[in-house]
Each structure stands twice: as structure tokens, then as C-alpha cells.
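Inspection log for the structure reproduced underneath, given as C-alpha cells.
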2 protein chains.
Amino acid sequence: MLSKKTKYGLKALTFIARSGDDVPVQVSVIAKSEQIPQKFLESILLTLRKSGILGSKKGKHGGYYLRSEPSEIKMTDVMRVLEGPIAMVPCVSLNYYEKCDDCPDEHKCSVHKLMIEVRDSTLKVFRNTTLADLSGV
Amino acid sequence: MLSKKTKYGLKALTFIARSGDDVPVQVSVIAKSEQIPQKFLESILLTLRKSGILGSKKGKHGGYYLRSEPSEIKMTDVMRVLEGPIAMVPCVSLNYYEKCDDCPDEHKCSVHKLMIEVRDSTLKVFRNTTLADLSGV
DNA sequence: GTAATCCCTACTAAATTGATAGGATTAATA
DNA sequence: TATTAATCCTATCAATTTAGTAGGGATTAC
């Protein structure tokens, strides 16, 4: 299941992308428009800022803005920040590889083979999708 | 993340498929060979039996067996039983559809569009993979 | 200086996961 | 028929994750 965190994060990014890049967008505006608990959304946007996808401006008339063009923001990056590894098991993760405790030889593991296929097909989608595709911008 | 339940279930099915179809395979044998807690595995195989994928024989010399040929057992079915819906959000689920509370129009929802693509690409993998592919039988 | 805004830490309730415990039921066989 | 070996079933539990909430600190525009 997709976490609420990811869902909210994607909706917020879409909202920001659609707002144009001239002024920062405030958390309160996004929260109200997208029906997201404001404090929760705050923490999500903070994560996106720390990862470099969003920038922020503090104080009055502050808010969040995209650090790149929507067409440059790939879903692979966004999903890894919000949802974590794209692979369903650590032993097939490109960025967070970990060996299974119970698996003596992962090349013989039936789960491993299947999960590599799932990972590759999901990656293909995320690599070919940018925020521009989501937001229609 | 793939749950342990699903991982163990897939390994157990593979084990049974590789054992041939002449005699039922006991939980204890699978548990020992695949390093799975036996009581946990019991409950998993019970689920697979109730869903119709496995059959069982009680009493001495009892155990579990496949109800169909490995090549007839599709990953779509297995994954739905073990892991639940294949879609990452209920609003794009084919078998367990549910509308989002927060989404006024899901055709305009950016998350919706992305998750449909992910669902379709994952489905494609599961539809084209059978237990025969996993087990090499 | 005041109001608006992001920033940060800590806490919490509910749900899910990954088991474990204990026994009831069923079937083979000595 | 008694024993043994298996599945079947229900209940419980600890740890983790999720989805928030609370409260205030820091910064900036006006």
C-alpha cells in the first residue's frame, strides 16, 4: 500500500507545480486545497526540502517552491524520498541492497527472481514519469 | 515491502512444486528446509488451502499439495491471496476498488494516473509468471 | 515590533506484522 | 483400539510502522 505520506507528498508537489514558479506556496494553502492535515503536511514538505526536491523561504510570504522544472523531477527520486526503496525486498534493491538472513544463495531464490522483474517494471514507470506528467505542466 | 508472510508463502509453494505431485508435503519439512517458523508457516499454508491453491490431507502422512499444475498457478492469484490487492491504492484496484475520501474527481488526480501505470506494469509481470517459472518445474 | 511563516522535537493512538501457545480434530498403523 | 503424527483453529502478544498532534523556536516582511 501507498502510504498517506507519499500520497500527500505527490499531491502537494503537483499543486506546487501547477501554481507556477513565481512565488513560494504556503503549507496552509496546500493543506486547505488538498484536504491534508496541515501539521502532517509540514513534516512531509520538510522531508522533500531536505532531499533537495523543494526549496523554501521562511517568514512572512514564505513557502515552498520547486528546485527544478517539473519535467526534470523524476518519480524515481520522489518515490525514494517519500516511500523509500522501490524494490519490494532489500535483496533486489539497487540503492539499499541487503542480503536476506534466510537465503543461502539468492541466485537460486524463486522470490528473488520474481521481485527483480517487479522492480524493473516499476522502475521503468517511475523513470519515464516526471512531475510534469502528473501535473500537466 | 513484501511481507514475510508472502515471502514464506512463495518459498513454500516453490518447495511443494519441486517435490513432485505424488505425496503431500508436511509443514515441518518445509519449515526446516526453508528456515521458516513452523507455526507461522502453518497459518500461511492454511490460507493458501482456503483460497483453493493448495489442498491438504490430514492425519499421519498428511500434508499439503498443489491443486493444479505449477504452470497453471498464476502469480496474480498467489499474490492476491498472500499480499492482498496488487494496486497500491484502493482507487485503482481492479478487485478491491474503493473511492478515496479526499478525492473529489479521481480522473483529475495525479496520484491516480501514476498508480494505474504502476498497477498495470506489475500486473503484467504477475500475469506472465506462474509457479512453474519460479520453481523451474 | 508584530504577524506570518517555516523549522524542529517529542509524543501518542491505532493498525499491522510476525510471530507463539495450546489444544481440537483427523487419519494411518501397530 | 490405542498411539502417533499430522492438519486445523482460536487466542494472544510484542515490536514496528503509520498517521497524526502538540508546542514552541527561528526567521522574515511589513
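Proteins get letters first, then strands, A, B, ... in listed order; numbering begins at 1 in each. On a predicted model such as this, the values are computed, not experimentally measured, just so you know.
Distances shorter than 4.0 Å separate some side-chain N or O of B:Ser56 from OP1 or OP2 on D:dC8. Look at B:Lys5 and you won't find any side-chain N or O under 4.0 angstrom from OP1 or OP2 of C:dA19. Within the 4.0 Å cut-off from OP1 or OP2 of C:dT5, not a single side-chain nitrogen or oxygen of A:His61 is found.
The hydrophobic cluster containing B:Phe40 also contains B:Ile53, counting ILVMFWY residues as joined when their side-chain heavy atoms lie under 4.5 angstrom apart, directly or transitively.
From one end of the helix from C:dG1-D:dC30 to C:dA30-D:dT1 to the other, with five pairs defining each end axis, the axis direction shifts by 10° (rounded to 10°).
Side-chain contact annotation: B:Ser28 with B:Gln38, donor-acceptor N/O pair under 3.5 Å absent. Remark: the A:Ser93 side chain and the A:Glu98 side chain contain no N/O donor-acceptor pair separated by less than 3.5 Å.
For B:Gln38 and D:dA5, the CD to C1' distance is 12 Å, given to the nearest whole Å. A:Lys58 places its NZ atom 10 Å from the C1' atom of C:dC8, with the value rounded to the nearest Å. Distance, B:Tyr8 OH to C:dA19 C1': 9 Å, rounded to whole Å. Distance NZ (A:Lys57) to P (C:dC6): 11 Å, rounded to an integer number of Å. A:Phe40 has its CZ atom 10 Å from the P atom of D:dT18, to the nearest Å. Straight-line distance from the CG atom of B:Leu48 to the C1' atom of D:dC9: 17 Å, rounded to whole Å. Distance CG (B:Leu41) to C1' (C:dT20): 14 Å, rounded to an integer number of Å. Atom CG in A:Leu46 sits roughly 13 Å away from atom C1' in D:dG25 (whole-Å rounding).
Here A:Lys4 lies in heavy-atom contact (under 4.0 Å) with sugar-phosphate atoms only. Across all strands, A:Lys60 comes closer than 4.0 Å to base atoms (heavy-atom distances). If you check every strand for non-hydrogen atoms under 4.0 Å, A:Lys50 touches sugar and phosphate atoms only.
The closest side-chain heavy-atom distance from A:Val25 to A:Tyr65 is not below 4.5 Å.
Checking D:dA19, D:dC8, C:dC7 against the side-chain heavy atoms of B:Arg49 singles out D:dC8 as nearest. Of the listed nucleotides (C:dC6, D:dT7, D:dA29), C:dC6 has the atom at the smallest distance from the side chain of A:Val27. The side chain of B:Pro37 lies closest to C:dA19 when the candidates are C:dA19, D:dA29, D:dT7.
Between the base of C:dC6 and the side chain of A:Gln26 there is no donor-acceptor pair shorter than 3.5 Å. Between the side chain of A:Lys39 and the base of D:dG23 there is at least one donor-acceptor pair of N/O atoms closer than 3.5 Å.
Remark: B:Asp120 pairs with no residue by the salt bridge (Lys or Arg N to Asp or Glu O under 4.0 Å) rule, at least two apart or across chains.
Taking a cutoff of 4.0 Å between a charged side-chain nitrogen and a carboxylate oxygen, A:Lys7 and B:Asp102 qualify as a salt bridge.
Checking side-chain atoms of B:Thr122 against main-chain N and O of B:Val118 turns up a donor-acceptor pair under 3.5 Å. Between the side chain of B:Ser33 and the main chain of B:Ile30, no donor-acceptor pair closer than 3.5 Å is present.
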